[in-house]
Number of protein chains: 2
Amino acid sequence: MLKEERHRFILNEVGIHNRVLLTDIANLLDVSVDTVRRDIKELHNSKLLKKVHGGAISLGFNNYNPIGKTIYSLEEKSRIAEKCLSLIKEGQVILLSGGTTNLELAKRLPSKFKLTCFTPSLPIAVQLLTKSNIEVIFIGGRMSKDSQIAIGGSAINMLSEIKVDICFLGTNSLHPVEGLTEFDWEIVQMKKAMIHSSRKVVSPCISEKIGSLQRFKICDVEEIDVLITELEPWDVKLNAFKNMNIQLL
Amino acid sequence: MLKEERHRFILNEVGIHNRVLLTDIANLLDVSVDTVRRDIKELHNSKLLKKVHGGAISLGFNNYNPIGKTIYSLEEKSRIAEKCLSLIKEGQVILLSGGTTNLELAKRLPSKFKLTCFTPSLPIAVQLLTKSNIEVIFIGGRMSKDSQIAIGGSAINMLSEIKVDICFLGTNSLHPVEGLTEFDWEIVQMKKAMIHSSRKVVSPCISEKIGSLQRFKICDVEEIDVLITELEPWDVKLNAFKNMNIQLL
DNA sequence: CTTATTACAGCAATATATTGCAAAAATAAG
DNA sequence: CTTATTTTTGCAATATATTGCTGTAATAAG
């Protein structure tokens, strides 16, 4: 294994988990701890991660994500992202809306997977461009400073011209009766357009968001094909969805 | 076996596996490792792959951080960016093509300045979104992994619908007779569209790029309104442009 | 304080890089 | 076609880099 490969592996791990242990990496790559330590030292000197006692942690964290917001519920987002991955087949065309859960998914898409990804999200596009076999198409438009996604007429226009296999629709509020809702009207318009452009709509949703309600409505629950939470599908919290026409994952 | 054939073989292997070992290639092609090493050195110098200890690795999928991407000529780019700034008036609508010089310009745009900025460049958009008073509109489309800008039909389409006050057109090759040229045909199409969408075209150009020539033509020198280099306007290197209808800055 | 883990420096074995050189191959010139 | 020149290639000698291991120092944790 080339040194450069180890470096990339480590950076990738740090990117996903925000931290790594020397011993874990050494086991995974089947090299000595010293080698990993020296690798991490180099990466530290190149300011690509921060070397700490016992391993390394990510510098980034606050780069693209609104500072402070994260870390909490990162576990859950990871679990959800992993489940999302299982729905994607090589060669498909997918659409990723914004949101941190989808960003986690983007990080985890394997480089060697051949995929076409549409997205209006800047941080997600940045992630995807590091993956060699993924074709990235940015849905352009006026950029929202908060959410870092493109919104407005031209974005919606561009969406109207595509039809993808799966849309992963970041979900902030999911109410069993009222459906999907949003705080921002512009984003509602985007999400409506995304649903319209997709054969299959997947809603990755942290369970704590279930039952919450915002000002504007995106769609009814029934328009979602798959609901993915960090819970097991038989969890009582998901009871409300069990006799609906939705796949729980 | 011809050198060119080996080069193609190596690039192909790197394309498929993202990495190669010197010894593997030497065995497969039945030449000495020295030969392969020299081949890889050449390909490295042509920036077609990255030579590492023991082999070579793909460039494509490493972009975790644009750090290390030539710091050389940053002085000049800064000077140029400062000059560009002087052309921008509050309230204007501007268009920034890709390129590191324009990225420097984007970094320097003052936050309190009210501006509308169009750009097809991912890193530039990321920069601009940190500025509170700048409205950012991303020209979406298929993303080029190399240049990190949107290219192709939908990007050009979106450009066709706008008319901005000033376009800052990153310039890699400026020849007094042959005009502006580019290596990549897709980018040529983008730049043509950008010129067409702008009332005023400014060409920020490191002086060492003056006189160079690439495969595809963007436009004649006369279509540029302002040429900005790091040199003083009376520098002899700019003589060729002095009786043209161009403002030198 | 004590213990367990991790960091670091130095060393040796191995792998890779570099250099100069000569033979072979390709190219240019007559 | 022949000869001279340049480029390419493989080889050998030497230099450098990488890696895992050792023993010892530093650090974290109870």
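So you know, we letter chains A, B, ... as the sequences are listed, proteins then strands, and number each from 1. These values consider heavy atoms only, across backbone and side chains, with no hydrogens, waters or symmetry-generated copies. These figures come from a predicted structure and were not determined experimentally.
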In B/S/- notation (B base, S sugar-phosphate only, - none; protein heavy atoms under 4.0 Å), nucleotides 24-30 of chain D written 5' to 3' is ---SS--
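Straight-line distance from the CD1 atom of B:I25 to the C1' atom of C:dA17: 18 Å, rounded to whole Å. Rounded to an integer number of Å, the gap from CG of B:D24 to C1' of C:dT16 is 14 Å. Protein atom CD of A:E4 is 15 Å distant from nucleotide atom C1' of D:dA17, rounded to whole Å. Going from atom CZ of A:R37 over to atom C1' of D:dC21 covers 12 Å, rounded to whole Å. Atom NE2 in A:H44 sits roughly 13 Å away from atom P in C:dA7 (whole-Å rounding). In this structure, B:N27 atom CG and C:dT16 atom P are separated by 12 Å, rounded to whole Å.
Within the 3.5 Å criterion, the main-chain N or O of B:E182 finds no donor-acceptor partner in the side chain of B:N172. Although no hydrogens or angles enter the test, the distance criterion places no donor-acceptor pair under 3.5 Å between the side chain of A:N102 and the main chain of A:L96. The backbone N or O of A:E42 sits less than 3.5 Å from a side-chain atom of A:S46, completing a donor-acceptor pair. Put simply, the side chain of B:K77 never gets that close to the backbone of B:T100: no donor and acceptor are under 3.5 Å apart. Between the side chain of A:D235 and the backbone N or O of A:L231 there is no donor-acceptor pair closer than 3.5 Å. Listed for the B:D220 side chain is no donor-acceptor partner under 3.5 Å among the backbone atoms of B:E222.
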Polar atom pairs (N or O), protein with nucleotides 5-12 of chain D, under 3.5 Å:
| unit_1 | atom_1 | unit_2 | atom_2 | d |
| --- | --- | --- | --- | --- |
| D:dT8 | OP1 | B:K3 | NZ | 3.1 |
| D:dT9 | OP1 | B:R6 | NH1 | 2.5 |
| D:dT9 | OP1 | B:R6 | NH2 | 3.0 |
| D:dT9 | OP2 | B:R6 | NH2 | 2.8 |
| D:dG10 | OP2 | B:S32 | N | 3.2 |
| D:dG10 | OP2 | B:S32 | OG | 3.0 |
| D:dG10 | OP2 | B:T35 | OG1 | 2.1 |
| D:dG10 | N7 | B:R38 | NH2 | 2.7 |
| D:dC11 | N4 | B:D34 | OD2 | 3.4 |

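Ion pairing of A:K107 with A:E104 is present here, as a side-chain N (NZ or NE/NH1/NH2) and a carboxylate O approach within less than 4.0 Å.
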Problem set entry | side chain to side chain donor-acceptor pair (under 3.5 Å) between B:S207 and B:E230, intermediate numbers included | CA-CA 7 Å; B:S207 68; B:E230 82 280 12; 2.7 Å; yes
